[in-house]
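Heavy atoms only: backbone and side chains are in, while hydrogens, waters and symmetry mates are out. Source: prediction; values computed, not measured. Each chain gets a letter, A, B and so on, in the order the sequences are listed, and its residues count up from 1.
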Amino acid sequence: MASTLSFKDLPKQYDHAAAQQRWYPFWEEHGYFHSEPNPGRKPFTIVIPPPNVTGALHLGHALNNTLQDILIRMKRMQGFETLWVPGTDHAGIATQAVVERRLFTEEGKTRHDLGREGLVRRIWAWKDEYEARILSQLKQMGCSCDWQRTRFTLDPICARAVRHTFFSLFRQKLIYRGKRMVNWDTLLQTAVADDEVFHETVPGHFWYFLYPVIDPKPGEPKHVMIATTRPETMLGDTAVAVHPDPAAALERAEADLRARLEEAPEKEKAELQAELDDVRKRRETLLPQLMKLRDMARDGRMVMLPLVNRPIPLVADEWAKPELGTGCVKITPAHDPNDYEVGLRQKLPMINILNPDGTLNDHAGPYRGQTIMQARQNVVADLEKLGLMAKVEDRAIDLAHSDRSKTPIEPLLTDQWFVKMDHLAQMAMDAVTDGRVKIFPQRYAKGYLDWLSEKRDWPISRQLWWGHQIPIWYCKTASERELQAAFAGRSDVVWQADEQYGGWLICSQEADLAEDAVPGHKLVREEDVLDTWFSSALWPHSTLGWPEPTPELKYYYPTSVLITSRDIITLWVARMVLMGLQNVGQVPFHEVFVHPKILDAYGEGMSKSKGNGVDPVDVMEKFGADSLRFGLAYLTTETQDIRMPVDFECPHCGALIEQTKENRMLPRITCGHCGKDFATQWAEKPADKALPRGPVVSERFEMARNFCNKLWNASRFTLMNLEGYISGPVTDQELLVEDRWVLSRLATVTAQATELLDRYQYADAARVLYEFAWDEFCSFYVEMVKSRLQDAARRTTAQRVLAHTLDTLLRLLHPMIPFLTEEVWQLLGQIAPERGLEAPRAAAPSVIVAPWPQSDPARRDPHIETQFARFQEVLRAVREIRTRQNVPPRKRIEFSVLCDAATADLLRPMAAYFESMAGARAGALGPTVKRPALAANTTLPGMEIFVDLAGLIDVEAEIARKRDELSKLETRIAAQAKKLDNENFVRRAPAAVVQKERDALKALEEQSAGVRAALEELLRAQS
RNA sequence: GGGCGAUUAGUUCAGUUGGUCAGAACGCCUCGCUUACACCGAGGAGGUCGGCGGUUCGAGUCCGUCAUCGCCCACCA
């Protein structure tokens, strides 16, 4: 397919766009991504963490998916039956919010204008658009997903899994309905999730009110004082609490403070001391009264809630801390999460005083219809009139706001559905504790276990329209007998009594129930939908066809590894484990790899709202998919998040403009270089959108781009020099030093890369391959093989080893840089279709299915590697002398080496390479070499290198250099000697270490003697 | 408030079990268009490994503590 290319015409720069366009369709057409259960092979399976259809993928997704594809491609080459299941998540709240916002800004409509069906239709359209975009981004990145198995968390297959799961949990009484405080957005009239709430500190007040005690007896307080920042909520008070044992509580508080004071740093002491004094004072001033109140609470005494004149009980509850505030606390169960808990404990009524729009309802009596702020003012004023306001203080208040409407959040008690977690959570904990699921890096297991160990019930209902509607139907009026008659013989319908409101809760496993399913009675379906994570939790098995016992489920489940980011370990990973165990009876995956987060230049996470996100497509257009992938892999270490400063690239002149906190949200930016404007991702106005868009890129991918180009050119060189290639076995005798060396190194690198990738050490694997490819293959092997390629007699072997080495390197790099390696693989196949050393054979039709290289231990040759290292040292020394003596580049020089005979034997065969790689002719080598009269010299451990420069030498420079060298050596010798003089060291350190240090000292001394001799020689010559 | 992590050259990061580990890339300086590659080649300068204690014969490497930053979780009558 690339046969139109002639090797002579290959471009000097790797054309990533062309390669990507050429090979992705090629792979797809050949079905390389598709997998079917195959009993003859072991499966290797990954399910994608489904990206939200809220928007396009960002760099974090690019990282996540690159890491998955690297593993998938390696395992595929290793002969596993590899399946990577792709898909997307409907992301309930986020997606509905995005679409609603757009509906409002573009058409001025709210969801109520469209109605449930209309809105959901809109969201499906949005989903179709973004799903397509997301999948195409994944393809651009080269992801080798099995697209035939693409899933969506709201598609019929997933929906069926959700229904079956809900049904089964409901039947097992693991799902129940209860009350829960939600964050109510009074503007949008919807509940918002905790992570959609932001807190802002605003100036506010702390009011102290008096509630009259009903029929106080002599000696009893006439009032109870409480304090609040939200006076209007008193209208919903249903109790006043006091601690059941205020004396003990105060004592504990005091002891606790004393302990903290002892350990506290100086600057916090004053504050703690003040607190301590306050608590001590309370014993005198407050405790007697609290004791009385406590007794009154035990007697079931009441106080009168002012303004609405409702008697409410005094209750004894530990929530009322005697060391805080007035020691008494008003209880508003319907509008405060903690009070709700107290309400449950004390079996208090819960009075909701709010309408959905934030005005007060009938329970607020005279304040009905007022807004919260109006009611607050009026309540305060009225209490003041009654003389029941004791005092008011200024106080900074941390107020929750809705991220979406920017209005204050009101806590509101609502009906919600829950999953009981005690048993399920325990199962999920056990799976990690006993190693059925291993988490890498291991430290993340702690968060997982801590979170699950709280075993808090999982609230699964959401007041949304976009999602899996809860399959519960209410029937108020029917009798159980009527239900039994209506659903006779059906195992897919179960019901329970609705203990809260009476009637029945009916759950259907498959089909929706008709309104008249129970003759003579009306069924009403629950409006709420399920939490997105409910369907995501089923992802590993729902995508494989559960609840059907499909061949896929049997073969691919449990999946091999899950690759994800740390912020959803609890929300998602833990719930997948628990649901997998619950539904399938097996863990969903054997291993979890938690990868780093991508941060911006300020160390902050990238997010849409901060405007610091990066579109991987921008990076790919500039650097290519291979560079994106390699760059990301190179940055994936175990401990460090990825900090990525980014720049806008001016579309007019190409100048880079640093992205800062100031400019990252601007719709338009003026280039400081050419002065022209360009648009950013924030461009919304037509005038801005009409401008050319400036992509956001990072220089951090240049390293990878350069690497790809280097590899491309080494490949080009190889291809250009394979003319006349004839395949055939290569015997060991034919191999020269450089062949043995490169094959030895290749064997080592193969083993390392394989092992590192198996342990998710992507950065190290990338580094090992980078260094081998660039510093060894390109810088040495290719350079050294050049002369043989010009020599007909030696050409054939050189070609065979070269082709084989490149072939292996391509295979090792393919998972990280798939397009480039395929491009070269195909070209290589044209000129050298059969490759290999001992027994050459036809290369695979695509590198994607080529066998993963095996490290051949027999090729590892320490002797050759030592020899080569010596060669490299001498080469470097000679080159360094050339530079420091300013020898003109084309000027040939001659050098000699004073060394032992063995070293000389190692160096002698390398003579030709000193010529070609340093323009230097090797003269005398060995122990008898005499110091030339006027020479530049470098002293290395065990070797002294001389370059005879005759009249050219800059003696002054050499002398200065020698003196500098000598003083450095003497410092090191002194340090070394001191170490060895330390009796403790010699006595207590292991003998091997001591010996090593002695050897080091000796080597240093020898080296210094050489330098001194050379210096003397120079000084003599100078005078 | 609890937990986790980070702090190493101008920048972004590696440094496996404490004993040549003080490294890489980019940037910078000096040379060089040598027939694969200037997205290149050769050479070079740059760090008392956040501060302070401690363990040890020996500590970026282990312990404590402080400082700064980040993430997760919880909470704030």
**Message:** Anti or syn, where syn is a glycosidic angle within 90° of 0; which label fits G64(B)?
**Reply:** anti
**Message:** Using O4'-C1'-N9-C4 for purines and O4'-C1'-N1-C2 for pyrimidines, with syn meaning within 90° of 0, is G54(B) syn or anti?
**Reply:** anti
Would you say [X] places a side-chain N or O within less than 4.0 Å of OP1 or OP2 belonging to [N]?
{"X": "Arg988(A)", "N": "G58(B)", "answer": "no"}
{"X": "Arg879(A)", "N": "U34(B)", "answer": "no"}
{"X": "Lys996(A)", "N": "G19(B)", "answer": "no"}
{"X": "Asn713(A)", "N": "C40(B)", "answer": "no"}

**Request:** Applying ring pair (Phe, Tyr, Trp, His ring centres under 6.0 Å), run through Phe707(A) and Tyr634(A) and close with a yes or a no.
**Result:** CA-CA 12 Å; Phe707(A) 175 62; Tyr634(A) 195 87; 8.7 Å; no
Starting from [atom2] on [N], measure out to [atom1] on [X] and report it in whole angstrom.
{"X": "Leu348(A)", "N": "A77(B)", "atom1": "CG", "atom2": "P", "answer": "19 Å"}
{"X": "Ile598(A)", "N": "U12(B)", "atom1": "CD1", "atom2": "C1'", "answer": "13 Å"}
{"X": "Asn886(A)", "N": "G32(B)", "atom1": "CG", "atom2": "C1'", "answer": "12 Å"}
{"X": "Arg788(A)", "N": "A36(B)", "atom1": "CZ", "atom2": "C1'", "answer": "17 Å"}
{"X": "Arg759(A)", "N": "U17(B)", "atom1": "CZ", "atom2": "P", "answer": "11 Å"}
{"X": "Leu635(A)", "N": "U11(B)", "atom1": "CG", "atom2": "P", "answer": "18 Å"}

For [X], which contact category applies under a 4.0 Å heavy-atom criterion: base, sugar-phosphate, or nothing?
{"X": "Arg987(A)", "result": "nothing"}
{"X": "Cys778(A)", "result": "base"}
{"X": "Thr332(A)", "result": "nothing"}
{"X": "Glu997(A)", "result": "sugar-phosphate"}
{"X": "Arg705(A)", "result": "base"}
{"X": "Arg566(A)", "result": "sugar-phosphate"}
{"X": "Trp774(A)", "result": "sugar-phosphate"}
{"X": "Lys710(A)", "result": "base"}
{"X": "Ala227(A)", "result": "sugar-phosphate"}
{"X": "Arg767(A)", "result": "sugar-phosphate"}
{"X": "Thr229(A)", "result": "sugar-phosphate"}

**Sole residue of Arg566(A), Lys597(A), His595(A) in side chain to side chain donor-acceptor pair (under 3.5 Å) with Asp641(A)** =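 Answer after filtering Arg566(A), Lys597(A), His595(A): Arg566(A).
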**Message:** Is there, by distance only and without an angle test, a donor paired with an acceptor across the side chain of Glu783(A) and the base of A36(B) below 3.5 Å?
**Reply:** yes
**Request:** Report yes or no: is there a donor-acceptor pair, N or O only, under 3.5 Å between the side chain of Lys446(A) and the base of C4(B)?
**Result:** no
**Message:** The side chain of Asn706(A) is closest to which nucleotide in this list: G44(B), A77(B), C26(B)?
**Reply:** C26(B)
**Request:** Please determine, for the side chain of Arg890(A), which listed nucleotide (A36(B), A77(B), U34(B)) has the closest atom?
**Result:**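 Looking only at heavy atoms from C-beta outward on Arg890(A), the closest nucleotide is U34(B).
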Under a 3.5 Å cut-off for both distances, is [N] Watson-Crick or wobble paired, and to whom?
{"N": "G1(B)", "answer": "C73(B)"}
{"N": "G32(B)", "answer": "C40(B)"}
{"N": "U56(B)", "answer": "none"}
{"N": "G23(B)", "answer": "C13(B)"}

**Request:** Check whether the side chains of Asp394(A) and His205(A) place a donor and an acceptor atom closer than 3.5 Å, and report yes or no.
**Result:**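 There is such a pair (donor and acceptor under 3.5 Å, judged by atom type) between the side chains of Asp394(A) and His205(A).
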**Message:** For a quick check under 3.5 Å, do Glu958(A) and Gln885(A) share a side-chain donor-acceptor pair by atom type?
**Reply:** yes
**Item:** cation_pi(Lys710(A), Phe777(A)) dist<6.0 Å, angle<=45
**Value:**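 No, Lys710(A) does not sit over the ring of Phe777(A).
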**Message:** One pair to check against side-chain hydrogen bond (donor to acceptor under 3.5 Å, both in side chains): Lys622(A) and Ser627(A). What are the steps and the verdict?
**Reply:** CA-CA 9 Å; Lys622(A) 186 173 169 69; Ser627(A) 304; over 6 Å; no
**Prompt:** Thinking salt bridges, do Arg767(A) and Asp764(A) make one under a 4.0 Å N-O criterion?
**Reply:** yes
